[in-house]
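So the structure is just underneath, and the comments pick up after that.
What you see is a predicted model, and the numbers here were worked out from it, not measured in a lab. Order of listing sets the numbers, starting from 1, for every ligand and every atom in it.
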Amino acid sequence: MRKPIIAGNWKMNKTPEEAKALVTELIPLVKDAECDVVVCTPAVCFAAVAPVIEGTNVKLGAQNVHFKASGAYTGELSAEMLKAAGCEYVIIGHSERRQYFGETDKTVNLRTVAAVNAGLKAIVCVGENKEEREAGYTDYLVAYQTLMALHGLTNEQIVETIIAYEPVWAIGTGLTATDEQANETIGVIRKAIAGKYGECVAEKVRIQYGGSMKGSNVKGLMAQPEIDGGLIGGASLKAADFAQVVNF
Ligand code: PGA
């Protein structure tokens with residue numbers, strides 16, 4: 001029932017010229033995709049990418065958003081700015097932002113509410129690190145991160161929001177959670193949403209897996225009943241690799 005969504009997270013890669021070349025190559029490769037297709041590019045690439053993807057099934061996303069509409073927030077971008085630049089989606093609370101840029105569950109929540117209220121689709125990232133998994137805290141942590149991020153949204157807004165479960169130990173490491181591990185933890189996230197907002201809401205929320213997802217493992221992950229897509233880092237930087245994931 002839930003339409004899968006595959007999103008590329010380019011992180012800090014690609015100049016505008018390289019971005020344009022990548023999406024130009026990607027568009028024909030993914031035109032028959034049965035899932036939603038998103039590329040989350042660096043903000044400096046929006047102007048190069050937006051006109052190229054116009055009218056195609058490839059949608060544009062950002063990698064962060066500020067929670068204020070405007071003001072003295074050097075280096076930040078507002079939801080309205082992202083929308084004006086052609087973005088429909090925005091990644092919020094990626095583990096790299098939590099790890100290196102002081103992102104907290106509180107700021108993730110503020111950013112999520114601001115993005116969703118402005119009409120952007122938020123891709124909210126949650127996930128445990130290696131120590132937390134080994135200590136047995138994964139389920140508590142992902143449930144907490146998810147509910148904190150969604151706090152203040154209406155049920156209608158929550159069903160439009162995407163959660164990306166990304167175990168930190170699997171990001172960029174080549175280590176993937178097993179299909180069953182990913183499915184199980186995503187099930188925990190869905191149960192947490194059901195506990196607070198009801199089954200009807202939880203059943204509609206799309207929850208992606210992310211962490212070294214690529215052409216060679218996408219089929220197994222996507223065959224799991226709880227997994228509704230992927231957030232793809234390394235394998236989204238080449239059109240052919242990303243297309244292989246999209247056309248799982
Ligand atoms: P990866 O990154 O696919 O390179 O592991 C995923 C992510 O960080 O979103």
Side-chain angles (χ1 to χ4, degrees), residues 4-14 18-19 22 26 30 35-43 45 58-65 87-103 108 111-112 115 120-130 132-133 138 141-142 145-146 149 161-179 181-183 185-186 189 206-222 224 226-248:
I5 173 167
I6 304 283
N9 173 11
W10 291 10
K11 310 191 181 186
M12 195 171 71
N13 294 291
K14 307 291 177 189
E18 291 166 343
L22 201 168
L26 180 68
V30 300
C35 59
D36 288 336
V37 184
V38 185
V39 289
C40 298
T41 77
C45 299
V58 178
K59 305 300 172 195
L60 186 60
Q63 299 174 15
N64 194 16
V65 61
C87 292
E88 289 182 34
Y89 293 83
V90 58
I91 299 170
I92 297 174
H94 189 277
S95 64
E96 284 149 19
R97 297 222 53 92
R98 294 180 191 253
Q99 218 175 325
Y100 308 133
F101 302 102
E103 199 75 64
V108 169
R111 292 181 203 277
T112 302
L120 288 166
K121 290 194 176 74
I123 300 175
V124 178
C125 302
V126 302
E128 81 289 0
N129 65 30
K130 191 160 169 279
E132 289 157 346
R133 175 161 282 268
T138 299
L141 188 82
V142 296
Q145 287 178 333
T146 303
T161 300
I162 296 126
I163 309 291
Y165 166 57
E166 300 205 304
V168 180
W169 48 271
I171 294 178
T173 58
L175 296 171
T176 326
T178 63
D179 301 345
Q181 263 175 340
N183 188 64
T185 306
I186 289 178
I189 293 169
R206 294 184 291 178
I207 310 180
Q208 299 171 312
Y209 168 77
S212 300
M213 194 163 171
K214 49 185 180 282
S216 59
N217 59 25
V218 62
K219 274 200 172 64
L221 287 159
M222 290 305 296
Q224 297 291 325
E226 295 288 357
I227 304 180
D228 303 319
L231 184 56
I232 319 299
S236 70
L237 296 175
K238 286 196 184 130
D241 292 352
F242 189 53
Q244 224 187 328
V245 181
V246 167
N247 297 320
F248 69 91

*Between CG of Leu221 and CG of Asn183, what distance do you get to the nearest 0.5 Å?*
9.5 Å

_Can you see whether Tyr89 has Lys121 sitting over its ring - NZ or CZ less than 6.0 Å from the centre and within 45° of the normal?_
yes

*Closest protein heavy atom (residue, atom, distance) for atom 4 (O) of ligand 1*: Gly234 N, 2.8 Å

*Quick one: which ligand 1 atoms are inside 4.0 Å of a heavy atom on His94?*
7 (C), 8 (O), 9 (O)

_Gly211: numbered ligand 1 atoms lying under 4.0 Å from its heavy atoms_ = 5 (O)

*Could you walk me through whether Tyr165 and Glu128 pass the side-chain hydrogen bond (donor to acceptor under 3.5 Å, both in side chains) check?*
CA-CA 9 Å; Tyr165 166 57; Glu128 81 289 0; 2.9 Å; yes

*Subset of ligand 1 atoms that lie under 4.0 Å from at least one heavy atom of Ala170*: 5 (O)

*asked:* Show me which atoms of ligand 1 lie under 4.0 Å from any heavy atom of Asn9.
replied: 9 (O)

*Mind checking whether Ile171 contacts ligand 1 via backbone (N, CA, C, O), side chain (CB onward), both or neither, at a 4.0 Å heavy-atom cut-off?*
both

*asked:* Could you go through Ile189 and Val126, starting from their C-alpha distance and side-chain angles, then the distance that decides it, and tell me whether this counts as side-chain contact (heavy atoms from CB on, under 4.5 Å)?
replied: CA-CA 9 Å; Ile189 293 169; Val126 302; 3.8 Å; yes

*asked:* Residue-level breakdown please: for Lys214 versus ligand 1, do any non-hydrogen atoms fall below 4.0 Å on the side chain, on the backbone, on both, or on neither?
replied: neither

_Identity and distance of the protein heavy atom lying nearest atom 9 (O) of ligand 1_ = Glu166 OE2, 2.7 Å

_Pair Thr138-Thr185, side-chain contact (heavy atoms from CB on, under 4.5 Å): steps then yes or no_ = CA-CA 8 Å; Thr138 299; Thr185 306; 3.9 Å; yes

*asked:* I'd like to check which ligand 1 atoms, numbered from 1 as shown, lie under 4.0 Å from a non-hydrogen atom of Ser212.
replied: 1 (P), 3 (O), 5 (O)

*Which atoms of ligand 1 sit under 4.0 Å from any heavy atom of Lys11?*
2 (O), 7 (C), 8 (O)

_Out of Ser95, Gly172, Cys40, who is nearest to atom 5 (O) of ligand 1 when you count heavy atoms only?_
Gly172

_If I take atom CD from residue Gln208 and atom CD1 from residue Ile163, how far apart are they, to the nearest 0.5 angstrom?_
9.5 Å

*Salt bridge or not for Arg97 and Glu103, using N-O below 4.0 Å?*
yes

*Ignoring hydrogens and geometry, is there a side-chain-to-backbone donor-acceptor pair from Thr176 to Thr178 under 3.5 Å?*
no

*Just how far is it from atom CH2 of Trp169 to atom CD of Glu132, taken to the nearest 0.5 Å?*
12.5 Å

*In terms of residue, atom name and distance, what is the protein heavy atom nearest to atom 3 (O) of ligand 1?*
Gly233 N, 2.9 Å

*Check whether any N or O atom of Ile232, backbone or side chain, sits under 3.5 Å from an N or O atom of ligand 1, and answer yes or no.*
no

*Taking non-hydrogen atoms only, is Ala164 closer than 4.0 angstrom to ligand 1 via side chain, backbone, both or neither?*
neither

